[in-house]
Amino acid sequence: MEAKDFLQKHCMGYETVVPEDEIDRYIDEMKKGLCGQPSSLLMLPSYIALKDDVQREKPVLCVDAGGTNLRITVAQFDADGKFSTGEVFRYIMPGVEKELSAQAFFDALAELIFPLTNITTDIVISFAYRAKTLPNIDSEIVDITKEVKVKGAGGKLLGKEICASLAKLGASDCSVIVLNDSVATALAGKAEKLTEGYGSFTGTILGTGSNSCYMETIGNIKKMNGHQPDGVTVVNAEAGSYDKLPRCDIDIAFDNSLQNPGVGVFEKMTSGGYLGNLCGFTLRVASAEGVFEQPFVSQLDTMQVNEFLTDRTGVVADHFTGEKDREAAYEILLNLTKRAGRLLALQMAAMALKACKTNPRVCMTIEGTTYEKMFGLKHEALSTLLPFLQSRGIEADVISVDMAVLKGCAIAGLSR
């Protein structure tokens, strides 16, 4: 069987993802989530407004708990509004290397944050997992996935728990607010392009996980009844959980092989935490169906797939010694990467179209190593997204901001 026949048989070709065919279904799911109806998109209001200025020369402790990686630093804006950080400390997220109880998870995070509380006890945490933001800008954890293993965290208030763990270490009177990483990215984009006349802003993350946020009129958010209806807040879509896109049999079988089947099904087709694993799974199915002369039974990660696609080296190239097998593997892996790019375009397009706007110009900030580094993904995403939005009357600019999540955390903490 040829690679193209294999992809066609399983309805897995990247060209099957057409935003024009899927966008109305996606936006309908967003509307259901905003109204509190059953929806795969939680549509969580951040209770954060995009303000025009921040406090200057005041430090804030910023924590980027993103996917499998953790970054912690102290940041501030100087008198001229220039953003700066101290040393950025990088760790593996607690719960990646071994399963933890919820209390052990909170205590482990607090131990890593604690050394910087001698500088400031004002703390902002960007949390890349599903959590419901409360009006006081703490967050109630829904679940922790992306292969981070924590038992019993659902229903816990992250900020409250971190404060309690810090207090046990001797850091009392800490103030913790929690926001989603896509919200932090949108805040950073707004700060970067504040005076350039954009009508709206969105934020997207494509790293270990995938998510997007956008600006919404409060009157459209049923769960914010009682707040000023003509106001605007940032809504975290929890876009990685979208499940109304048709999936093929391989996607479903792959999902069922993971720790949390049925959760985060969209990001299991797009994000760095899963894409390499999905590629390996797909090659194993292809091998079983006779696509390769040389059997393939190995596991892959996203970095290994990217290495092969970039310069045809690494473990995939070492395995497939025959030219025909190597080309078939390349075709399948590049297809899955391009498909992820098109799915990202669909996600971002929905945010731009649904966003409240003062004019058709939309600034779309995106951050994440998968977006920036995965061979072919960024190009496919942008070449799909921008013409589609233009056909809908949206003038979109897609930008990246250096240290976007940490900068967004600082903005959130210093603009309250």
Side-chain angles (χ1 to χ4, degrees), residues 23-51 124 126-142 177-191 198-206 209-244 264 266-267 344 346-358 362-367 394 396 404-405 408-409 411-412 415-416:
I23 195 69
D24 290 343
R25 185 183 297 115
Y26 199 115
I27 291 177
D28 184 60
E29 194 77 352
M30 294 173 74
K31 291 177 179 177
K32 289 178 180 176
L34 289 172
C35 293
Q37 298 174 9
S39 172
S40 59
L41 296 172
L42 292 179
M43 306 302 291
L44 303 171
S46 67
Y47 298 94
I48 291 174
L50 295 177
K51 296 186 177 180
V124 182
S126 167
F127 195 61
Y129 312 92
R130 296 205 305 165
K132 177 183 177 183
T133 304
L134 305 178
N136 65 353
I137 321 185
D138 198 350
S139 286
E140 179 183 332
I141 297 170
V142 176
I177 66 172
V178 183
L179 65 158
N180 181 264
D181 55 352
S182 68
V183 175
T185 300
L187 291 172
K190 169 92 175 188
Y198 286 102
S200 199
F201 293 83
T202 72
T204 294
I205 297 289
L206 185 66
S210 177
N211 193 18
S212 286
C213 71
Y214 71 104
M215 296 169 63
E216 181 61 88
T217 303
I218 289 173
N220 292 334
I221 309 172
K222 184 177 179 181
K223 61 192 76 177
M224 288 188 71
N225 283 349
H227 292 76
Q228 186 176 356
D230 58 352
V232 173
T233 192
V234 183
V235 170
N236 162 23
E238 288 296 343
S241 297
Y242 180 68
D243 67 3
K244 295 300 179 282
F266 194 85
E267 71 180 2
L344 174 65
L346 170 64
Q347 175 179 311
M348 294 176 69
M351 303 301 135
L353 290 171
K354 184 68 180 72
C356 62
K357 310 170 191 69
T358 58
V362 179
C363 179
M364 309 184 76
T365 308
I366 182 166
E367 179 173 85
I394 301 295
V405 171
C409 285
I411 293 166
S415 63
R416 299 183 67 197

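All values reported here derive from a predicted model rather than from experimental measurement. Side chains included, hydrogens not; waters and symmetry mates left out as well; all remaining heavy atoms used.
Here Thr233 contributes atom OG1 and Ile221 contributes atom CD1; the two are 6.0 Å apart, rounded to the nearest 0.5 Å. Interatomic distance, Leu353 CG to Thr202 OG1, rounded to the nearest 0.5 Å: 10.5 Å. With values rounded to the nearest 0.5 angstrom, Lys244 atom NZ is found 9.5 Å from Arg25 atom CZ. Taking NZ of Lys222 as the reference point, atom CE of Met43 lies at 15.0 Å (rounded to 0.5 Å). The distance from the CG atom of Asp243 to the CG atom of Leu41 is 8.0 Å, given to the nearest 0.5 Å. Note that the CZ atom of Phe127 and the CG atom of Asn236 stand 11.5 Å from one another [nearest 0.5 Å].
The closest side-chain donor-acceptor pair between Gln347 and Ser210 falls under 3.5 angstrom.
Within the 3.5 Å criterion, the main-chain N or O of Ala404 finds no donor-acceptor partner in the side chain of Thr185. Side chain of Ser46 to main chain of Val235: no donor-acceptor pair is present (N/O by atom type, distance under 3.5 Å, no hydrogens or angles). Under the 3.5 Å distance criterion, the side-chain polar atoms of Lys32 are left unmatched by any main-chain donor or acceptor of Ser40. Side chain of Thr217 to main chain of Gly219: no donor-acceptor pair is present (N/O by atom type, distance under 3.5 Å, no hydrogens or angles). Side-chain atoms of Ser200 come within 3.5 Å of backbone atoms of Cys356 as a donor-acceptor pair (strictly under, hydrogens ignored). Under a 3.5 Å cut-off, the side chain of Glu140 and the backbone N or O of Lys132 do not form any donor-acceptor pair.
Looking only at side-chain heavy atoms (C-beta outward), Glu238 and Leu44 come within less than 4.5 Å of each other. Looking at heavy atoms from C-beta onward, Ile394 lies in side-chain contact with Lys357 at the 4.5 angstrom threshold. Contact of the Ile48 side chain with the Thr133 side chain is not registered, since no non-hydrogen atoms from C-beta on lie closer than 4.5 Å. At least one side-chain heavy atom of Tyr242 sits less than 4.5 Å from a side-chain heavy atom of Glu29. Side-chain contact between Met351 and Tyr26 is present, with heavy atoms from C-beta onward closer than 4.5 Å. The shortest side-chain heavy-atom distance between Val405 and Ile205 falls under the 4.5 Å cut-off. The closest side-chain heavy-atom distance from Leu179 to Val234 is not below 4.5 Å.
Closest heavy-atom contact between Ala184 and Cys409: CB-N, 4.2 Å. The heavy-atom pair separating Met364 from Ala396 by the smallest distance is SD-CB, 3.9 Å. Taking every heavy atom of both residues into account, Leu187 and Ile411 meet most closely at O-CD1, 3.5 Å. For the pair Tyr47 and Leu134, the tightest heavy-atom approach, listed with the atom from each and the gap, is CD1-O, 3.4 Å. When all heavy atoms are compared, the tightest approach of Ala128 to Asp181 is CB-OD2, 3.3 Å. Considering every non-hydrogen atom in both Met348 and Ser212, the closest pair reads CG-OG, 4.5 Å.
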